[in-house]
Every structure is written in structure tokens, then in C-alpha cells.
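Working notes, beginning with the structure itself.
Note: hydrogens, waters and symmetry copies are ignored here, and every other heavy atom, side chains too, is used. Here is how names work: the chains are called A, B, and so on, in the same order as the sequence lines, proteins then strands, and each is numbered from 1.
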Number of protein chains: 2
Amino acid sequence: MADKSISKRSRRGSGAITLKDVARLAGVAPITVSRALNSPAQVSKEVHSRVQEAIERTAYVPNRMAGGLASSRSRLIAAVVPSMVFSVFNETIEALNGTLFDAGYQLMLGLTGYSEEREALLLDSVIGRRPDGIFITGIMPPGRSRSRLIASGIPIVESWDLTPTPIDMLIGFSHQKIGRAVAQFLIKKGKRSFAIVTAGDERAQRRNTAFIDTVRALGLDEVAVHNVGDIRTLRAGRAALAALITSQPSIDAIFCSSDLLALGVITEARERKIKVPAQLSVMGFGDVPFVGDMIPALTTVHINGGKIGRLAALHLMASSQGNAVQQPIVNLGFTIVERESA
Amino acid sequence: MADKSISKRSRRGSGAITLKDVARLAGVAPITVSRALNSPAQVSKEVHSRVQEAIERTAYVPNRMAGGLASSRSRLIAAVVPSMVFSVFNETIEALNGTLFDAGYQLMLGLTGYSEEREALLLDSVIGRRPDGIFITGIMPPGRSRSRLIASGIPIVESWDLTPTPIDMLIGFSHQKIGRAVAQFLIKKGKRSFAIVTAGDERAQRRNTAFIDTVRALGLDEVAVHNVGDIRTLRAGRAALAALITSQPSIDAIFCSSDLLALGVITEARERKIKVPAQLSVMGFGDVPFVGDMIPALTTVHINGGKIGRLAALHLMASSQGNAVQQPIVNLGFTIVERESA
DNA sequence: TTGAAAGCGCTAACAA
DNA sequence: TTGTTAGCGCTTTCAA
């Protein structure tokens with residue numbers, strides 16, 4: 001009956017209070033403490049309060065790594081997002097995090113910086129944590145990453161786009177329809193000479209292509225495209241207008257791939273005393289919180305980012321508990337919010 | 001020599017490929033695979049390549065929960081932040097995440113929504129994950145949460161503020177000095193009638209108090225204070241100016257607790273044809289990426305958020321590896337960026 | 001309602 | 001350089 005703590009081998013572990021310590025203090029078996037914590041209904045009132053007291057006195061905090069390993073449930077959800085800084089994904093992440101937290105889950109955040117290489121690395125690292133679910137911004141094209149994701153067996157929510165073949169679940173909207181709708185909106189406003197100010201990412205390109213095709217189908221002038229690549233700043237938006245106005249002075253409407261770029265275009269227009277929307281209509285994408293309260297208020301495409309986050313959290317949690325997916329594809333749609341800038 | 005997989009007890013676990021499977025395939029002991037993965041230098045070339053091949057063929061992804069449990073190193077860092085949506089903390093988080101990721105760590109994100117109650121809950125939940133480090137926005141006042149944090153033994157970085165008694169490490173700046181510096185800056189510009197537009201959080205209050213004291217010491221008019229509470233929107237900034245201008249038309253300078261509120265004040269000023277800065281100077285706080293490119297360009301207090309994140313990541317990783325903290329308190333300071341609005 | 005035993009998938013410690 | 005053994009701290013399974 002040697003005391004375990006005086007074993008021959010030197011001590012391992014973190015030295016923190018464990019379930020065992022609490023159990024000893026409460027005079028019960030470790031498993032009873034586990035039950036008092038996880039399914040109190042299975043424990044008698046008397047034992048429960050004794051355990052509670054022991055937990056208080058020791059300031060015990062259960063080790064969720066150990067719990068996760070034993071139960072194959074980590075209560076961790078991972079989110080893979082391109083960027084955080086003033087991005088359209090912020091609301092989604094806040095909503096995701098809030099919904100998860102209220103249910104006892106935690107959020108692991110991964111940022112790809114719009115780089116596919118980084119995304120692949122990140123995904124492997126994420127899978128290694130064995131999260132109960134993974135939220136992905138965008139859809140996973142066939143390839144190594146997609147295969148690994150599927151092989152991992154972890155519930156996946158793809159988002160922010162549409163495809164008939166999601167891995168698991170999908171909450172999104174059609175970028176093609178947005179491009180078309182924006183073009184039609186602008187044309188209906190009487191605009192005839194269009195330009196696009198866009199970042200380099202693939203989803204933006206699909207909006208652009210649809211926009212261009214719609215304009216082209218009507219036999220209007222070619223759409224001038226200014227691509228800012230990875231520089232999604234307000235300043236890039238200003239520079240874009242400066243460049244466009246020189247090369248193609250006839251432009252009377254610009255569709256931007258983000259609200260921030262649109263703000264840049266509007267700012268530069270003001271600098272150049274170009275009247276928005278009288279001389280130039282400007283539209284953004286995202287409907288980020290404050291753009292509706294600026295002067296001129298931005299006309300833009302509204303995406304319900306919060307809802308994407310909440311739905312994703314709910315789906316992921318349900319799915320990890322073995323509940324079948326009700327609706328594998330949810331099309332949240334979008335709305336054009338008409339304000340002053342177009 | 002019964003096959004383990006035909007044990008009497010029914011199968012547990014996730015069913016995923018494990019170290020053992022890889023080891024069997026490569027014809028080595030499990031620990032050898034572990035070494036090939038974690039310290040390749042300890043393994044012969046020949047064995048290493050056999051292991052690599054087995055890993056490729058099985059698409060094995062190591063279970064980091066198990067690894068973390070066994071080694072008491074989770075390679076997880078937690079960040080506790082008030083908010084994500086268009087917040088001044090975004091850059092810090094991106095930098096934190098980037099630095100961590102490059103070193104093989106992952107970021108766990110916790111959002112408090114500026115609520116202390118939520119923060120306390122979150123902290124317990126975070127400690128349960130046994131992260132190798134915790135990044136906290138702000139400093140931890142004495143109390144239950146602080147005690148638990150200390151008891152956990154996890155390296156902590158407090159930030160975004162200054163105190164002589166951090167738990168562990170501190171990377172921040174003085175809010176009091178900012179309030180004073182902004183007041184002096186505005187006074188030097190010849191402004192005489194001041195107002196503050198502020199959110200309700202405690203750090204903002206400390207900037208405000210210092211600002212007010214500085215003004216008061218010079219015998220100038222009392223500073224009008226408009227508190228927007230938790231509504232940190234551009235719209236709230238607009239409403240604030242509307243209210244202030246009515247109650248105190250003489251105001252010629254406003255200090256806002258965030259850039260977004262400042263943008264709101266400027267927007268409302270434009271609506272009311274109040275010239276900024278000729279009639280009204282406006283200053284913000286944060287120097288969020290795009291405010292320098294707007295019209296008028298915002299004069300504001302610059303905080304090097306990215307540096308806070310990078311330093312915190314470095315400190316946390318070093319500290320979790322047992323390296324003593326070099327500099328427990330780092331005062332990053334701030335700069336007033338003079339642009340057009342003041 | 002409570003407990004004993006076994007094991008989740010990995011790594012530290014010791015041994016060869 | 002490679003392997004054996006014994007856990008890390010918890011939960012599942014089976015038994016009482």
C-alpha cells in the first residue's frame with residue numbers, strides 16, 4: 001500500500017489538482033466526482049453536496065484535455081477564416097463564439113490570410129486538435145485538404161458560398177446572383193458605364209463575372225476592372241478611383257468587392273468633387289455595421305453574417321452529438337440595401 | 001497473443017488512425033514514430049523515411065489532445081478579448097495568431113463583450129483547457145478570477161494597460177498619460193471648450209479623468225461628457241454630437257474614446273455644416289487602419305496593436321517553455337498622430 | 001446510486 | 001538509436 005506520490009519514478013504531470021484529489025477529499029470514488037460534474041442527476045443529493053464542497057475548497061478545474069481524450073468529445077469548435085481586421089467575417093465569428101460559449105463549447109480560431117497554402121497547413125493542425133466541428137469560410141474544392149477533412153470524420157460547415165456538393169453542411173448564398181442583381185440594380189437606376197474595384201479572391205471574381213456578363217448581355221460598354229489584389233484597404237479604393245477616372249472618364253457606377261473599398265472610392269470622389277450618386281454611383285459588399293450611417297450612406301449588399309455564425313454553431317453541435325443534419329444546404333440569400341450612394 | 005481489437009470489451013475511441021497503427025505499419029515501436037515526428041534528429045535516416053511513408057499511406061494526423069495530456073504541453077494559447085467587431089483589438093489578435101501559428105501553436109479565442117461576469121465564466125472555461133498561456137486584454141483586478149489565474153500556474157500576459165503588479169507579464173501603455181497628452185495637444189491648438197464622447201468601459205474612463213483634470217487645472221470651462229455606454233457605433237457618435245451641440249454650443253474640441261465614435265462625430269458635423277477642424281476639432285483613439293485615409297483624416301491616438309500581439313505570443317511561448325520572463329513590464333507607449341481633424 | 005477496472009492516444013523516464 | 005514501461009487525468013464499461 002505504498003503512497004502513489006512516493007513512487008520510484010519522478011513525478012510527471014502538471015502538479016495541478018485532479019479529480020482524484022477531489023474524490024479523496026469528498027470520500028468518494030473518482031468516477032463519482034465525474035458524475036457529480038457531468039450528470040448530477042445520477043448522484044444522490046448528499047454526495048453531490050459533499051463533492052461540491054470539495055471542489056470549492058480545492059478550486060478544482062477539470063482538465064478538458066483529459067476529458068476530451070477519454071470521451072472523444074473535445075467541446076472545441078474550430079473556425080477557419082481569411083482575416084479578422086475590419087472584415088465582413090467579424091460578425092459571423094462573434095455569433096459563432098457566443099452561441100458556442102453559451103452551450104459550453106470553445107472556439108479555436110484559424111486565420112488563413114486568403115492564402116490556400118496556409119489554409120492547408122492550418123487545416124491539418126486543426127484536425128489534430130480533434131474539434132467536435134469545423135467552420136470553414138468558403139467551400140472546399142476537391143483536393144488534399146478536402147479529402148483529409150472528410151477522412152477526419154469531423155462535422156464540417158462550409159459557408160459563405162453555394163455548391164451542390166458540400167462535404168457535410170453548407171450555409172451560404174450565391175455570389176453569381178449577387179453580381180447579376182447588383183448589375184440589374186445599377187442599370188435600372190439608369191447607369192450605363194460600369195467599373196469594378198475588386199480584391200483578388202475567387203468569390204469576388206465570381207460576383208464580378210456575373211456582373212460583367214449581365215452588362216455585356218445588354219450590349220453596354222465593357223466593364224473596366226481594377227484589381228487591388230490583397231490590398232483591401234480604403235486607400236486602395238481611393239487609388240482605384242483615381243486610376244479608373246483617368247483611363248475611363250465616362251464611368252458612372254462602380255461595384256466594389258467590399259464596403260471598405262467602396263468607402264475609399266467615395267472618399268476619393270469627394271476629394272475630386274465628383275458627386276455621389278449624381279455623377280457616380282458606388283456600391284459595396286458586406287454591409288458592415290457603420291456604413292449605413294455615413295454620408296453618403298452606402299448602398300451595399302447585405303449578408304446576414306450573424307445568422308451564418310449562429311446556424312453554424314447549432315448545426316455543428318447537433319451534428320457532433322450524432323444528430324443527423326436536417327437541411328444540408330441552407331441558402332441564406334442576400335439583400336441589396338438601397339441607401340444614398342447608388 | 002490475442003488481437004487487441006477482438007477484446008471482450010466493446011470498442012472505444014474515435015476509430016481514427018493512431019500512432020500505434022503507424023508504428024505497426026512501419027515496423028517500429030510507437031515511441032519511435034513519436035520521435036520521428038517531434039525530434040527527427042533522434043531517429044536514423046532509414047527509420048525516419050519508413051515512418052514518413054507509413055504516415056503518408058495512412059494519412060495519420062497526430063491527436064494533440066493525447067499529446068498534450070501526456071506532455072503537459074497543449075500548444076494552445078488563449079486570448080480573452082472584449083469584442084471583435086470593428087474593434088481596436090483585431091490587429092493584436094491577428095498578430096498573436098500569426099506568430100503563434102508559425103511556431104506550431106493554436107489560438108483559442110474568448111469574447112467577453114465587455115462583461116465582467118462573462119469574463120469570469122470564460123476564464124474558468126479557458127483554464128480547463130490547460131493552455132500553455134493566456135492573453136488578457138486589460139489587467140486583472142484582485143478577486144476570484146485573478147486568484148484562479150494565479151493558482152492555475154499558466155503563464156499570463158495582461159495588456160492594454162499598466163499596473164505595477166501584473167500577475168506575470170504586462171504589455172501596455174498608460175491611459176492616464178493619453179488623456180493628459182490629448183488635452184495638452186488640443187489646448188496647444190488653441191481650443192478652449194471641450195467635450196468627451198465616450199463608451200462606458202473603465203479604461204476609457206481613466207483617459208477621460210486625466211483629460212478632465214488637465215483641462216480643469218488650467219481653469220478652463222468644465223468638460224461636457226457624453227457617455228454612450230455599450231453602444232460603440234458610428235451612429236452613437238453622431239447622436240452624441242447632436243446632443244452636445246444643443247446643450248453646449250460653444251464646444252470647439254471633442255475627444256472620443258474610439259475612432260468609430262470620432263467618425264460619427266465628424267459625420268454629424270458634416271451634416272450640420274460644422275467645419276472640422278476649423279470650428280470643431282475631433283480626436284479618436286486607436287488609429288484603426290483606414291481612418292488616416294478619410295476626409296478629413298482623423299487625428300487620433302496610435303497604439304501599436306500588432307506589436308502587443310507579437311510580443312505577447314513570444315513571451316507566452318518562451319514562458320511556457322520555462323524561460324524566465326526578461327522584462328515583466330513592457331510599456332509600449334502611444335503616439336498622437338496629427339492629421340486633419342484636429 | 002456507487003465503484004473497480006480498463007483504456008483514450010500519446011510522451012517521459014528509464015534501459016539496452 | 002531504439003524499445004519497454006508507466007503513466008497524463010479523465011470517462012466508458014461492467015459489476016454490485
Side-chain angles (χ1 to χ4, degrees), chain A residues 2 4-5 7-24 26-51 55 58 60-75 127-130 152, chain B residues 2 4-5 7-24 26-51 55 58 60-75 127-130 322:
Chain A
K4 275 277 190 182
S5 64
S7 65
K8 267 166 294 176
R9 286 165 185 259
S10 63
R11 192 158 171 68
R12 282 221 279 163
S14 58
I17 309 285
T18 69
L19 239 200
K20 231 174 176 170
D21 300 323
V22 175
R24 202 176 303 144
V28 296
I31 182 65
T32 303
V33 177
S34 172
R35 286 200 269 250
L37 245 22
N38 300 318
S39 42
Q42 283 186 53
V43 168
S44 74
K45 254 202 162 131
E46 199 263 317
V47 167
H48 185 262
S49 68
R50 244 167 53 218
V51 169
I55 289 174
T58 51
Y60 168 64
V61 182
N63 183 331
R64 284 197 173 285
M65 277 203 293
L69 181 60
S71 66
S72 303
R73 289 195 54 206
S74 63
R75 291 185 163 272
I127 293 172
R129 300 282 172 190
R130 303 293 191 267
S152 76
Chain B
K4 275 279 190 183
S5 64
S7 66
K8 268 168 293 176
R9 286 164 184 262
S10 61
R11 192 156 171 69
R12 282 220 278 166
S14 57
I17 309 284
T18 70
L19 239 201
K20 233 175 176 168
D21 300 323
V22 175
R24 202 177 305 145
V28 296
I31 185 68
T32 303
V33 177
S34 172
R35 285 200 270 250
L37 246 22
N38 300 319
S39 40
Q42 283 186 52
V43 168
S44 74
K45 257 204 163 135
E46 198 263 317
V47 167
H48 187 264
S49 68
R50 244 164 55 215
V51 168
I55 288 175
T58 51
Y60 168 65
V61 182
N63 183 331
R64 284 197 173 284
M65 277 203 293
L69 180 61
S71 65
S72 303
R73 288 195 55 206
S74 62
R75 290 184 164 274
I127 292 171
R129 299 282 172 189
R130 302 295 190 267

* Asked: Donor-acceptor pair, B:Thr58 side chain versus B:Val22 backbone, under 3.5 Å?
  -> no
* Structure fact -> In DNA chain C, stems of three or more consecutive pairs, Watson-Crick or G-U, each with both distances under 3.5 Å, turn out to be C:1-16 with D:1-16
* **Proximity to the side chain of A:Val28 - top-ranked nucleotide from C:dG3, D:dT2, D:dT11** => C:dG3
* Asked: When you measure from every atom of DNA chain C, which of residues 60-68 of chain B have a heavy atom less than 4.0 Å away?
  -> B:Tyr60, B:Pro62, B:Asn63, B:Ala66, B:Gly67
* How close or far is atom C1' of D:dG9 from atom CZ of B:Arg130, stated in whole angstroms? -> 9 Å
* **Contact summary for A:Arg129 and B:Met65, nearest pair of heavy atoms** => O-CG, 4.0 Å
* To do: Can you spot which of B:Thr18, B:Asn38, B:Leu19 makes a side-chain contact (heavy atoms from CB on, under 4.5 Å) with B:Val33?
  => B:Leu19
* Asked: Could you state the CG-P distance from A:Leu19 to C:dA5, rounded to the nearest angstrom?
  -> 18 Å
* Pair A:Asn63-B:Leu69, side-chain contact (heavy atoms from CB on, under 4.5 Å): steps then yes or no -> CA-CA 9 Å; A:Asn63 183 331; B:Leu69 180 61; 4.2 Å; yes
* Carefully, step by step, assess B:Val51 and B:Val28 under the rule side-chain contact (heavy atoms from CB on, under 4.5 Å). => CA-CA 8 Å; B:Val51 168; B:Val28 296; 4.2 Å; yes
* To do: Using atom types as modelled and distance alone, determine if a side-chain donor or acceptor of B:Arg50 lies under 3.5 Å from a backbone N or O of B:Ala26.
  => yes
* Asked: For the pair made of CD1 in B:Ile31 and C1' in C:dC10, what is the distance, rounded to whole Å?
  -> 8 Å
* Within less than 4.0 Å of OP1 or OP2 of D:dT2, is there a side-chain N or O belonging to B:Thr32? -> no
* Tell me: CG of A:Asn38 to P of D:dG9, nearest whole Å? -> 17 Å
* Hey, does the side chain of A:Ser14 come within less than 4.0 Å of D:dG9's phosphate (OP1/OP2), counting only N and O? -> yes
* Specify the separation, in whole Å, of atom CG of B:Asp21 and atom C1' of C:dC8. => 13 Å
* **Taking every non-hydrogen atom, the tightest pair across A:Pro62 and A:Leu37** => CG-CD2, 4.0 Å
* Asked: Starting at the 5' end of DNA chain D and moving along, which residue's nearest nucleotide shows up first, B:Leu69 or B:Gly27?
  -> B:Gly27
* To do: Indicate, with a heavy-atom threshold strictly under 4.0 Å, whether A:Ser72 touches base, sugar-phosphate, or nothing.
  => nothing
* Would you say the side-chain atoms of B:Ser74 pair up with the backbone N or O of B:Arg130, donor to acceptor, closer than 3.5 Å? -> yes
* **Length of the CZ-P vector between A:Arg24 and D:dC10, whole Å** => 12 Å
* Asked: How many angstroms lie between atom CD of B:Gln42 and atom OG1 of B:Thr32, to the nearest 0.5 angstrom?
  -> 10.0 Å
* Check whether any side-chain heavy atom of A:Ser152 lies under 4.5 Å from a side-chain heavy atom of B:Val61, and answer yes or no. => no
* State which of C:dC8, C:dT11, C:dT1 makes the closest approach to the side chain of A:Ser44. => C:dT1
* Structure fact -> Rounded to whole Å, the CZ-P distance (A:Arg35 to C:dA4) equals 11 Å
* Structure fact -> Whole-Å distance, A:Arg75 CZ to D:dC10 C1', equals 14 Å
* Structure fact -> Of the candidates C:dC10, D:dG9, C:dA4, the side chain of B:Ala70 sits closest to C:dC10
